[in-house]
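Here the structure comes first, spelled out in structure tokens, and everything after it is commentary.
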Protein chains: 2
Amino acid sequence: MATGPMATVRDVAAMARVSISTVSRALSAPDMVNEVTRQRVIDAARELDYRPNPAARGLRVGKTNNLGLLIPDLENPFFASVTKGVQSRARAAGYAVFVADSDEDPAQEIELIGNLATQVDGIILASPRAPSQDILDATAGKTVVMLNREVGDIPSITIDNADGVLQAVSHLRALGHRTIAYASGPVHSWSGEERRKGMVAVAEQFPDLTVVQLGNFRPYFSGGYPAADIAVASSATAVIAYNDLMALGIIDRLRQRGISVPDDMSVVGFDDVPVASLVSPALTTIQIPLAGLGRRGVDLLVERLEGAVDVTTRSEVPVELIIRNSTSVPAASPAASTP
Amino acid sequence: MATGPMATVRDVAAMARVSISTVSRALSAPDMVNEVTRQRVIDAARELDYRPNPAARGLRVGKTNNLGLLIPDLENPFFASVTKGVQSRARAAGYAVFVADSDEDPAQEIELIGNLATQVDGIILASPRAPSQDILDATAGKTVVMLNREVGDIPSITIDNADGVLQAVSHLRALGHRTIAYASGPVHSWSGEERRKGMVAVAEQFPDLTVVQLGNFRPYFSGGYPAADIAVASSATAVIAYNDLMALGIIDRLRQRGISVPDDMSVVGFDDVPVASLVSPALTTIQIPLAGLGRRGVDLLVERLEGAVDVTTRSEVPVELIIRNSTSVPAASPAASTP
DNA sequence: ATGAAAGCGCTAACAG
DNA sequence: CTGTTAGCGCTTTCAT
């Protein structure tokens, strides 16, 4: 760093009275060097608090041992959790991670991919917002894995959106709901589209159900307000939101209008971000193992970096319905019998 | 990166038919090179999508242009926001940032400081948990700035905790509260101690007030439960929590026990994390400019890195009371007149 | 088992 | 204005 001049191989070599190559070996190839010499080097290294300069090593070896993580917004608890998972797994695997926040800006994303690429061995793209073609161009020739989205042949880890929607609907249906609303996320959201399609599929699967599409809303708390109003205007007794943040907004708006959740309206979220369990009513939601998603992303990336070329390129993580207090039997439902 | 072999100065030099030093100059020293040659280099560089290898440059120049950020927990919205601020400002200043999450583990912190130090020009320590002496040792000779804590002579940016507490108490007092409880954070928390001391000072300042110290609680949602129970057992009509998360827990526990907030008990948080405005009742809290804290941290660090040695070493950012819906006049207060 | 030397990609003297 | 050269700290042949 700035003040204390870092010790280099040369310093250690001098103190241990060996050549610099012996220092290098003693520290990495445990057994290519005489036991006693090695100890001398180790001691000198410790004494000087010597740490190999990663940049220098990287330059020589052609590998930085750094990973890049690109996310749309750190203040979105979804990505905070994913980042946390990436962080810890990367460290365990011996990588440091550059985190870049694109602020939901597709253009920034593309630029950041280029920046990151100069300093890392591989990049994790979490829910990138940019158009597929732009991503394809920007990542050409780079080692990249994608989280929560699929584009082209880029290795990816996604979540089982269809099953999530199915679980949510099944839950609601079992409670007695027959008209269920769905509040979509942004039009261009990949996972949003997946979930919307899932809703359509589920609707076909249950002929006794009426599924009403409320429209597209911003995937934040604020997006829940218009969604709630439209839901109320519909005949739905339950609403599934694109994500937890939106679900929270829906609940808040409902409360403002004197509509009780879950008594008058059931609400289901998606993601199970940490805050979902801290609000009241606690949110029934589809749990995505967010930190796990991050960890698996690192695993996949590291595999491609160090291992075989043809490892599995796409996988999907399961989701699980977490029933809390924002769902119950519909107000005047015949199925509303509490044993 | 992995597949596409990155172009180097040499490639660009070849294509532009100049020497490598001319390439280097054309790209950094705009006017040390002939206009037309320069353009040839620029073109070649663009053609090859050339990007100087930061590691190589860093090695040569003795500056990485990377910053390290160490935080206790990314899933804590406090740090997510700080990180976001650091991120954006660092990028604007031409730095990439390594983010390291210590998982609230003091030992990890010390180790991570050492790891980070090998790859960065400077480090930002956000609310480190380790003992002062350990931090002093680990950062000796390194360029470091600290956020939300002071130790030794390390340059720091803190917040005006005393004023925050004062604003909270004044607000409550104005509403008519006369017995106010304070739920402290962890014993070893620096800011926790600052706020506790602030409460004591405020208590002395207002002779008509009774301040009851509830004890020390975990600075999370869960810590709010015991705090709430003790608050209820006391005669306080309002409680100020160490932070927003704890305040949320207090409110939740109060609700469980059928105690209405703010009607039966007022609650004030601290930090104004994003979720504070999304819950119901929306939390009255002391707002800390969290992202701003991160940005100022970068500014201070970069100043020390690039500028004079004796820039201001300690500063404090102001806080502001945000009045929302978790506070009101006390239940049976004589001051309870709504005009 | 150890040392000498080359070279990763880059910038900064130092010539010219 | 431009080219040659050295060297940042490290690992890795290649000798010995």
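Everything numeric in this text was worked out from a predicted model, so none of it was measured. First the proteins, then the strands, lettered A, B, ... as listed; each starts at 1.
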Can you tell me if [X] uses its side chain to pair, donor with acceptor, with the backbone of [Y] under 3.5 Å?
X	Y	answer
B:Arg149	B:Pro128	yes
A:Asn66	A:Val97	no
B:Asp121	B:Lys63	no
B:Asp103	B:Asp105	no
B:Arg295	B:Gly85	no

### Message
Between C1' on C:dT2 and CD on A:Glu35, what's the gap in Å once rounded to a whole number?
### Response
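So the two atoms are 16 Å apart, to the nearest Å.
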
### Task
To the nearest 0.5 Å, tell me how far A:Asp134 CG sits from A:Ile110 CD1.
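Between A:Asp134 CG and A:Ile110 CD1, I get 5.0 Å after rounding to 0.5 Å.
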
### Task
State whether a side-chain donor-acceptor pair under 3.5 Å links A:Arg296 with A:Ser315.
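Yes, a side-chain donor-acceptor pair sits under 3.5 Å.
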
### Task
Would you kindly say whether B:Thr158 and B:Ser156 are connected by a side-chain donor-acceptor distance under 3.5 Å?
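Side chains of B:Thr158 and B:Ser156: no pair found under 3.5 Å.
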
### Query
What string of B, S and - do you get for nucleotides 9-16 of chain C, 5' to 3', if B is base contact, S is sugar-phosphate-only contact and - is no contact with any protein heavy atom under 4.0 Å?
BBBBB---

### Task
With a 4.0 angstrom cut-off to heavy atoms of chain B, pull out the first and last contacting nucleotide of DNA chain D, in 5'-to-3' order.
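Terminal contacting nucleotides, 5' to 3': D:dC1 to D:dG9.
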
### Query
Would a 4.5 Å heavy-atom cut-off, applied to side chains only, mark A:Ser127 and A:Phe78 as touching?
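Yes, at least one pair of side-chain atoms sits under 4.5 Å.
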
### Message
So that I can tick it off, tell me whether A:Glu104 and A:Arg129 are bridged by a salt bridge, with the cut-off set at under 4.0 angstrom between side-chain N and carboxylate O.
### Response
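Between A:Glu104 and A:Arg129 there is a salt bridge, with a charged N closer than 4.0 Å to a carboxylate O.
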
### Query
Looking at five pairs on each end of the helix from C:dA1-D:dT16 to C:dG16-D:dC1, what is the angle between the two axes, given to 10 degrees?
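Result, rounded to 10 degrees: 50°.
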
